[in-house]
Amino acid sequence: MSVPAVKAITSRDNPLLLRLRKQGRDPMAYRKSGELWLEGDHLCRAFLQRGGVPLHAVVSEEAWASPLRDLASAAPVVSVLPGSLMDGISTLESPAPIGFIVGWRPASGLQPQAATVVLDRLQDAGNVGTVLRSAAAFGFRQVIALHGTAALWSPKVLRAGMGAHFGLHLVEGLSADDLNALDMPWVATSSHQGPFLHTLLAEAKLPMPCAWLMGHEGQGVSAALAERATVHVRIAQPGGEESLNVASAAAICLHASATCHLG
């Protein structure tokens, strides 16, 4: 490992810190800056494990004197600052002592035959990040976010994703018509029968690869998208609740897809 260039920062008005505070306030700042702020050693390690190369590490003085020094040294440039300044750029309730600045660029189009999860106007960042974790865990390598979905690389979604981002092909800002490029069956789930005949998930013959449609927290999958699905399923809910949280439903559905085709 090469020796990084180490810089000390002592002013709250340092341009780097001003930039990172702005990045933390604006969930879509990465689209303009071409940079992500990965806060905390878990995200930093996950990024490195996927072969990522950080542009810059920012670390507290205390962390620089700890074993986290080795993690920070993966970056070619390291800025070391007092803990109070590190706390000032944090977006976490319990500020982290280390973070990476990494480059970002939009994905180059969707992959027509990759097992996919389509997010139709999911607005809660925690839900979006949790769905990304489930997608990565169950072998779905592509996630497509339609217009109206929370920004996939926002700080809150990154935290909820817990590193899943770095193993997925993520495409955002698409329209329903863009999904025509997907060369696979679409699967929709709902807690309501509506105009479709919904098979119980446990009894369904699930295609693979496929594109699972996961809809808005309150409205579900749009009617226009649901009409284009070739398979409609519902999750058995013997406890009688009206519906499941979309992130919980996604985990159940994606697990069913993955285990249906094992062996």
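Just so it is clear, the values below take in all heavy atoms, side chains as well, and ignore hydrogens, waters and symmetry mates.
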For the atom pair CD1 (Ile101) and CG (Leu16), what is the distance rounded to the nearest 0.5 Å? 4.5 Å

Gap separating the CG atom of Leu119 from the NE2 atom of His216, nearest 0.5 angstrom: 12.5 Å

Would you say Val246 ends up clustered with Val128 if hydrophobic residues are merged whenever their side chains have heavy atoms under 4.5 Å apart, either directly or through other cluster members? yes

At their closest point, which heavy atom of Ala229 faces which heavy atom of His232, and how far apart are they? O-CE1, 3.4 Å

Between Met214 and Cys253, which heavy-atom pair has the shortest distance, and what is it? CE-CB, 3.9 Å

Nearest-0.5 Å distance that lies between atom CD1 in Ile98 and atom CG in Leu71: 4.0 Å

Closest heavy-atom pair, Pro54 versus Leu48, reported as atoms and distance to 0.1 Å, is CD-CD2, 3.7 Å

Side chain of Asp120, backbone of Ser222: donor and acceptor closer than 3.5 Å? yes

Main-chain N/O of Ala63 paired to Ser66 side chain as donor or acceptor, under 3.5 Å: yes

Kindly compute the distance separating CG (Leu110) from OG1 (Thr116), expressed to the nearest 0.5 Å. 7.5 Å

How close do Ala75 and Pro4 get, counting heavy atoms only, and between which atoms? O-CB, 3.2 Å

Quick one: does any side-chain atom of Asp178 pair with a main-chain N or O of Ser175 as donor and acceptor, under 3.5 Å? yes

Which pairs with one or both residues in residues 35-56 pass salt bridge (charged side-chain N to carboxylate O under 4.0 Å, His left out), sequence neighbours excluded? Arg19-Glu35, Asp41-Arg45

ring-ring contact (aromatic ring centres under 6.0 Å, His included) involving His255 - partner list, sequence neighbours excluded: Phe138

Pairwise distance CG(Leu55) to CZ(Phe100) - rounded to 0.5 angstrom: 10.5 Å

What residues, two or more places apart in sequence or in another chain, satisfy side chain to side chain contact (heavy atoms under 4.5 Å, CB included) together with Ser248? Asn245

Cluster link Tyr30 to Val53, ILVMFWY, side chain under 4.5 Å: no

Which atom of Pro112 lies closest to which atom of Ala181, heavy atoms considered: CB-O, 3.3 Å

Side chains of Cys260 and Met208, heavy atoms from C-beta outward: is any pair under 4.5 Å? no

Quick one: does Leu122's side chain get under 4.5 Å of Glu217's, heavy atoms only? yes

Count I, L, V, M, F, W, Y as connected when their side-chain heavy atoms are under 4.5 Å apart, and connections chain through other members. Are Val118 and Val231 then in the same cluster? no

side-chain contact (heavy atoms from CB on, under 4.5 Å) between Leu206 and Trp212, worked out: CA-CA 10 Å; Leu206 299 172; Trp212 275 95; 4.0 Å; yes

Could you give all pairs that pass the ring-ring contact (aromatic ring centres under 6.0 Å, His included) test and reach residues 33-84, with sequence neighbours left out? Phe47-Phe166

Any chance you could lay out the side-chain contact (heavy atoms from CB on, under 4.5 Å) test for Thr199 and Arg234, step after step, and finish with the verdict? CA-CA 6 Å; Thr199 304; Arg234 63 186 176 91; over 6 Å; no

Can a donor-acceptor pair be found, under 3.5 Å and without considering hydrogens, that links the side chain of His165 to the backbone of Leu170? no

Would you indicate whether Gln123, at its atom CD, is surrounded by more than 12 heavy atoms from other residues, nucleotides or ligands within a distance under 6.0 Å? yes

All pairs passing side-chain hydrogen bond (donor to acceptor under 3.5 Å, both in side chains) where residues 146-161 contributes a residue, at least two apart: Thr91-Arg159

Examine Val143 and Val157 and state if one hydrophobic cluster contains both, with Ile, Leu, Val, Met, Phe, Trp and Tyr joined whenever side-chain heavy atoms are less than 4.5 Å apart. yes

Are the side chains of Met28 and Glu172 in touch, meaning some heavy atoms are under 4.5 Å apart? no

When clusters are formed by joining ILVMFWY residues with side-chain heavy atoms under 4.5 Å apart, either directly or through shared neighbours, do Val80 and Leu20 land in the same one? no

What is the distance from atom CG of Leu38 to atom CG of Leu158, rounded to the nearest 0.5 Å? 6.0 Å

Could you walk me through whether Leu81 and Leu17 satisfy the side-chain contact (heavy atoms from CB on, under 4.5 Å) test, starting with their C-alpha distance in whole Å, then the side-chain angles of each, then the deciding distance to 0.1 Å, before giving a yes or no? CA-CA 10 Å; Leu81 48 151; Leu17 303 191; 4.0 Å; yes

Would Val58 and Ile9 count as a side-chain contact (heavy atoms from CB on, under 4.5 Å) here? Give the steps. CA-CA 10 Å; Val58 182; Ile9 294 179; 6.0 Å; no

Applying side chain to side chain contact (heavy atoms under 4.5 Å, CB included) to Gln111 and not counting sequence neighbours gives Ala114, Gln142, His169

Do Ile144 and Leu179 have side-chain heavy atoms sitting under 4.5 Å apart? yes

How close do Val171 and Ala107 get, counting heavy atoms only, and between which atoms? CG2-CB, 4.0 Å

